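Report on one structure; see the data block that follows.
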Amino acid sequence: MDAFSVLETRALAKPTRWRLKVTFWLDVTLLVSFIFLQTVSFTGLFLHEWLGLAIVAMVFAHLLFSWSWIATQSRRFFARQSVRSRINFFLNLSLFAAVTGAIFSGILISQHAIPALTQAKAAAEMDWRWDTLHNQLSNYVLLLAGFHLAINWEWMLAAVQNVFRRFRERTL
Amino acid sequence: MTLLRVLLRIVLLSLAAALFTGLTGIYVRSKHSPVPNRQWQVARRNRPSAPQFSKFLEVVGESVQLGLFAVAGRIVFRLRLLPVSTREGQPIRLRLH
C-alpha cells in the first residue's frame, strides 16, 4: 500500500500482470460495493444485507493481496519510519476496525440475510445501540475509504493506466 | 504449501477481526446511548426490502461525498507527506510481490 515507492511498471511478467488485473478489479468492485452499501434506500434492505456479507470475502481477498505490505509494516511498527508510513498504517488499521465493526453490528441487526442463514426469526425489536453504531461506523468507513483512496492515489492511477493500456492495445 | 500459507493468513486476519469485534462489543455495552427519536425509529423500521431505482441520485451523492473525502485527503497527504517527487515520467511501484 506504499504507493510512492518506485518501480518500473512496464514489461510486467504474465503472473504479475494477472495479479495486477485481479487486484485492480477487486478494488473497483469493493469501492462500488461500499458506495452501494451506503445507500440502503437504493439497494433495498435485502440486497444491502447480502452485499454486506459478500464484502467480508472481498475485504479478506483485498487484504490477502496486500499481505506483503501488511507483514512488512507490522514488522517495522517499532522501527524508525516516515510519518507517511505511520499514518498509512494507522489509517488502514482504522479502516479495518471500522469495517469489522460495521459488518458485525450489521449482522446483529440483520432482518433478512442472517435469519435466512440461521433459519431463525428476525428480532421483533430493533436493538438501537447496535443500529446507531452501525450507522456511525458506516459514515467512518466512507471517510476512511476516501482517505485510503487518497493515500494510494499514485498506485491507483498507475494501475488504471496499466490495465487500460493493455486493454487498448488488444482492441487496436 | 501456498494453500497452507493462505489459510494461515486467513486465520490471522480472522483473529484480528475477532479482536475488533470484541472491542466493539465492549464499547457498545459500556456506552449508554439514548434511544433515537420516534421519527428515526419509524424510518429505520420501514426501510424497503426491495431496491428502489428512483433513489439512484443517492448513489451519486455518496460517490461525490467519497470523492470529496479523497480529494481532501489527497491535498493533505500531498502537502504534508510526499516522500518522493512524483514528477512526470517517474514510474510508480505497483507492489505485486
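Order of the sequence lines sets the chain letters (A, B, ...), proteins ahead of strands, with each chain counted from 1. On a predicted model such as this, the values are computed, not experimentally measured, just so you know.
Contact of the B/L66 side chain with the A/F34 side chain is not registered, since no non-hydrogen atoms from C-beta on lie closer than 4.5 Å. In this structure the side chain of B/L19 never reaches within 4.5 angstrom of the side chain of A/T100, judged on heavy atoms. In this structure the side chain of A/F42 never reaches within 4.5 angstrom of the side chain of B/V60, judged on heavy atoms. Residues A/T39 and B/K55 are not in side-chain contact: their nearest non-hydrogen atoms beyond the backbone lie 4.5 Å or more apart.
We find the CH2-OG1 distance between A/W130 and B/T24 to be 6.0 Å, quoted to the nearest 0.5 Å. Atom CZ of B/R45 and atom CE of A/M126 lie 7.5 Å apart (nearest 0.5 Å).
Of all heavy-atom pairs spanning B/V59 and A/F36, the tightest one is CG1-CE2, 3.8 Å. Considering all non-hydrogen atoms of both residues, B/A16 and A/F96 come closest at CB-CE2, 3.7 Å. Here the shortest heavy-atom pairing between A/F60 and B/L13 reads CE2-CB, 3.8 Å. Closest approach of B/P36 to A/W128, counting heavy atoms only: CD-CB, 3.6 Å. Closest approach of A/W153 and B/A70 over heavy atoms only: CZ3-CB, 4.2 Å.
Proximity to chain A is limited to the side chain of B/L12, based on heavy atoms less than 4.5 angstrom apart. At a 4.5 Å heavy-atom cutoff, B/A18 makes no contact with chain A through either its backbone or its side chain. The parts of A/L143 that come within reach of chain B are both its backbone and its side chain, each placing non-hydrogen atoms under 4.5 angstrom from that chain. Residue contact with chain A, scored on non-hydrogen atoms closer than 4.5 Å, involves the backbone and the side chain of B/S14 alike. Only the side chain of A/L91 comes within contact range of chain B, with at least one heavy atom under 4.5 Å from a heavy atom of that chain. For A/L31, the part sitting under 4.5 Å from any heavy atom of chain B is the side chain, from C-beta outward, and nothing else. Contacts of B/A50 with chain A are made by backbone atoms alone, with heavy-atom separations under 4.5 Å and no side-chain atom involved.
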Could you please spell out the steps behind the side chain to side chain contact (heavy atoms under 4.5 Å, CB included) verdict for B/R44 and A/N135?
CA-CA 11 Å; B/R44 295 293 279 185; A/N135 202 41; 3.8 Å; yes
Under the side chain to side chain contact (heavy atoms under 4.5 Å, CB included) rule, what do A/F104 and B/V28 come out as? Steps first, then yes or no, please.
CA-CA 12 Å; A/F104 180 59; B/V28 167; over 6 Å; no
B/F20 vs A/I103, side chain to side chain contact (heavy atoms under 4.5 Å, CB included): CA-CA, chis, key distance, verdict
CA-CA 11 Å; B/F20 285 128; A/I103 292 169; over 6 Å; no
Test side chain to side chain contact (heavy atoms under 4.5 Å, CB included) applied to A/I87 and B/F77, step by step
CA-CA 10 Å; A/I87 288 181; B/F77 297 141; 4.0 Å; yes
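In terms of heavy-atom pairs under 4.5 Å with chain B, the best-connected choice from A/L137, A/V99, A/I35 is A/I35. Between chain B and the options A/L108, A/L47, A/L133, A/L144, heavy-atom pairs under 4.5 Å are most frequent for A/L133. Top candidate by heavy-atom pairs under 4.5 Å with chain B, chosen from A/L64, A/V32, A/V40, A/L149, is A/L64. Most heavy-atom pairs under 4.5 Å with chain A, from the set B/G25, B/S49, B/G73: that is B/S49.
For A/Y140, the OH atom sits in a loose shell: 12 or fewer heavy atoms of surrounding residues, nucleotides or ligands are nearer than 6.0 Å. Applying the 6.0 Å contact sphere to CZ of A/F46 captures no more than 12 heavy atoms from other residues, nucleotides or ligands.
Linking ILVMFWY side-chain heavy atoms closer than 4.5 Å, directly or via other members, places A/L117 and A/I109 in two distinct hydrophobic clusters. No chain of hydrophobic side-chain contacts below 4.5 Å, direct or via other Ile, Leu, Val, Met, Phe, Trp or Tyr residues, connects A/L93 to B/Y27. No path of Ile, Leu, Val, Met, Phe, Trp and Tyr side chains, each step under 4.5 Å between heavy atoms, connects A/L45 with A/V56, placing them in separate hydrophobic clusters. Note on A/L95: it clusters hydrophobically with A/W69, by side-chain heavy-atom contacts below 4.5 Å among ILVMFWY residues. Hydrophobic clustering (side-chain heavy atoms under 4.5 Å, transitive across Ile, Leu, Val, Met, Phe, Trp, Tyr) groups B/V64 together with B/F69.
Screening B/R47, B/E58, B/Q52 for a side chain to side chain donor-acceptor pair (under 3.5 Å) with A/S41, the sole residue that qualifies is B/E58.
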